[in-house]
There are 2 protein chains.
Amino acid sequence: MTEPPKLTRNQDLVLGCLQKTGTPMSAYDILGQLKADGIKAPLQVYRALDKLVAAGLAHRLESLNAFVACAGDECHRRGLIAFAICETCGSVEEFADAVIRQRLDGWAEESGFHTHSATVELRGTCAGCTRPH
Amino acid sequence: MTEPPKLTRNQDLVLGCLQKTGTPMSAYDILGQLKADGIKAPLQVYRALDKLVAAGLAHRLESLNAFVACAGDECHRRGLIAFAICETCGSVEEFADAVIRQRLDGWAEESGFHTHSATVELRGTCAGCTRPH
DNA sequence: CTGTTATTTGTTATGTCATAACATAACATC
DNA sequence: GATGTTATGTTATGACATAACAAATAACAG
Ligand SMILES: [Zn+2]
Ligand SMILES: [Zn+2]
Ligand SMILES: [Zn+2]
Ligand SMILES: [Zn+2]
């Protein structure tokens with residue numbers, strides 16, 4: 001449905017790093033990992049992240065000031081995504097809920113608010129960390 | 001219903017500053033405003049903010065890395081609050097939606113996720129800024 | 001009142017996240 | 001190959017947040 005974004009070298013490196021790690025990373029975490037690949041300055045990372053986020057290939061977690069590769073299990077790239085972030089193991093689950101979206105849209109409509117973007121993030125403990133084995 | 005928290009001097013100064021301004025302020029914004037009152041270091045502000053947020057008298061806006069006084073119109077201090085942040089005028093509206101809360105709780109229940117805190121923030125343009133006059 | 005404990009405050013230094021500004025290189029398209 | 005556009009490299013700086021320790025103050029039992 002969406003076009004292949006054709007990543008540049010830096011974008012590819014940054015996305016690969018996020019995917020390999022699987023859990024949220026700060027831009028400086030990524031920078032540290034990619035020193036060997038010639039990435040030397042924060043801006044190189046932030047610029048790549050901007051594009052990846054815009055393309056829906058990565059997400060910014062506002063409550064963490066960090067980034068994570070899109071899980072992409074379902075085609076959620078249109079519409080509101082929620083994140084559940086485990087504070088113990090760092091895992092992130094993405095889920096989309098049409099009802100939540102509908103309620104937020106409904107509130108906006110009633111209030112005359114024009115939404116540009118929405119953030120829905122849960123912080124807590126994931127199932128795996130609650131029952132250790 | 002909840003007891004009067006009995007604010008300390010610094011907490012009172014910081015809350016007053018937030019209330020007077022009405023729109024989100026960073027800790028350093030507050031610091032700048034309160035230099036005259038003897039507040040000299042970021043930590044004094046952050047410590048006061050921690051307590052105010054814990055008491056529900058102020059809120060942290062994750063997507064802004066900033067803080068705002070609680071609007072407190074309704075007794076929303078128990079349960080999930082959503083924020084609509086105008087990117088034009090900086091105004092913030094708080095609202096609580098039981099259905100959203102229920103959906104998030106439902107997802108958590110199904111997934112075995114134990115939620116410690118939730119963030120719901122909309123960024124966009126408020127009614128006043130959409131229709132200027 | 002007095003000693004003990006817990007909380008709050010003051011202060012310095014440092015750590016972490018993000019962007020401004022400007023120069024250069026790569027790439028497309030005519 | 002000139003031109004406009006996008007991506008990069010680099011240095012410096014700005015913005016947000018906390019560590020660590022010392023001093024003052026509040027709370028409270030004896
Ligand atoms: Zn995703
Ligand atoms: Zn976990
Ligand atoms: Zn509130
Ligand atoms: Zn507005």
Side-chain angles (χ1 to χ4, degrees), chain A residues 3-18 21 23-55 57-68 85 87 90 92 117 119 121 123, chain B residues 3-18 21 23-55 57-68 85 87 90 92 117 119 121 123:
Chain A
E3 77 296 337
K6 231 186 182 187
L7 300 181
T8 66
R9 170 179 163 77
N10 286 1
Q11 290 159 19
D12 195 56
L13 284 169
V14 169
L15 181 57
C17 187
L18 283 174
T21 300
T23 47
M25 305 180 79
S26 76
Y28 281 75
D29 291 339
I30 297 168
L31 176 61
Q33 292 295 310
L34 295 180
K35 282 272 172 62
D37 298 284
I39 302 290
K40 291 178 182 167
L43 253 178
Q44 296 176 270
V45 177
Y46 280 108
R47 289 200 274 229
L49 285 169
D50 281 348
K51 293 298 167 66
L52 293 172
V53 169
L57 296 169
H59 302 292
R60 175 181 172 81
L61 301 174
E62 298 288 353
S63 67
L64 241 41
N65 289 336
F67 301 84
V68 69
I85 303 163
E87 292 174 325
V92 176
S117 67
T119 299
E121 294 176 16
R123 303 283 296 271
Chain B
E3 75 299 335
K6 233 187 180 187
L7 300 181
T8 65
R9 169 177 163 78
N10 285 2
Q11 290 161 17
D12 195 56
L13 283 170
V14 169
L15 180 57
C17 187
L18 283 173
T21 301
T23 47
M25 304 180 80
S26 76
Y28 281 76
D29 290 339
I30 297 168
L31 177 59
Q33 292 295 310
L34 295 180
K35 281 272 173 63
D37 298 285
I39 302 290
K40 292 177 181 167
L43 223 65
Q44 298 177 268
V45 177
Y46 280 107
R47 289 199 276 229
L49 285 169
D50 282 348
K51 294 298 168 65
L52 293 172
V53 169
L57 296 170
H59 302 293
R60 175 179 171 83
L61 301 174
E62 299 288 354
S63 67
L64 240 40
N65 290 337
F67 301 84
V68 71
I85 302 163
E87 292 174 325
V92 176
S117 67
T119 300
E121 296 178 15
R123 304 283 296 271

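Below, chains carry the letters A, B, ... as their sequence lines are ordered, and counting in each starts from 1.
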Taking five pairs at each terminus, the helix from C/dC1-D/dG30 to C/dC30-D/dG1 shows an axis bend, to 10°, of 30°

Residues in salt bridge (charged side-chain N to carboxylate O under 4.0 Å, His left out) with B/E62, at least two apart? B/R60

Hey, what do you get for OG (B/S117) to CD1 (A/I85), rounding to the nearest 0.5 Å? 8.5 Å

Just to confirm, is there a sub-4.0 Å distance from OP1 or OP2 of C/dT7 to any side-chain nitrogen or oxygen of B/T8? no

Taking protein heavy atoms under 4.0 Å as touching, what does nucleotides 16-22 of chain D look like 5' to 3' if B marks base contact, S marks sugar-phosphate-only contact and - marks none? BBBBB--

When you compare the side chain of B/T8 with that of B/Q11, does any pair of heavy atoms fall below 4.5 Å? yes

Rounded to the Å, how far apart are A/L61 CG and C/dC17 P? 13 Å

Pairs under 3.5 angstrom only: tabulate donor-acceptor contacts from the side chains of residues 30-55 of chain B to other protein residues two or more places apart or in another chain.
from  : atom 1 : to    : atom 2 : distance (Å)
B/Q44 : OE1    : B/K40 : N      : 2.8
B/Q44 : OE1    : B/A41 : N      : 2.9

Can you measure B/D12 atom CG to C/dT8 atom P for me and round it to whole angstrom units? 14 Å

Could you tell me how far apart B/L34 (CG) and C/dT9 (P) are, to the nearest whole angstrom? 13 Å

Nearest whole angstrom, please: distance from the P of C/dA26 to the CD of A/Q11. 16 Å

Is there a side chain to side chain contact (heavy atoms under 4.5 Å, CB included) between A/L18 and A/V68? Walk through the geometry before answering. CA-CA 6 Å; A/L18 283 174; A/V68 69; 5.5 Å; no

So which atom in A/G90 and which in A/P24 form the shortest heavy-atom distance, rounded to 0.1 Å? O-CD, 2.9 Å

Between C/dG10 atom C1' and B/L13 atom CG, what is the distance in whole Å? 14 Å

Please check the phosphate of D/dT8 (OP1 and OP2 only) for any side-chain N or O of A/K40 closer than 4.0 Å. no

Between D/dA15 (P) and B/I30 (CD1): distance, integer Å: 16 Å

Atom CD of A/Q44 and atom C1' of C/dC22: how far apart are they, to the nearest Å? 15 Å

Considering only nitrogen or oxygen atoms on both sides, find all protein atoms under 3.5 Å from nucleotides 23-28 of chain D and state each distance.
none

Could you tell me whether a side-chain N or O of A/E121 sits under 3.5 Å from a main-chain N or O of A/S63, the two making a donor and an acceptor? yes

Could you tell me how far apart A/L49 (CG) and D/dA7 (P) are, to the nearest whole angstrom? 14 Å

B/V92 vs B/H59 side-chain heavy atoms within contact, under 4.5 Å: no

Got a sec, which residues hit side chain to side chain contact (heavy atoms under 4.5 Å, CB included) with B/T21, two or more places apart in sequence or on another chain? B/T23, B/M25

Chi angles and distances behind the side chain to side chain contact (heavy atoms under 4.5 Å, CB included) call for B/T119, B/L61: CA-CA 8 Å; B/T119 300; B/L61 301 174; over 6 Å; no

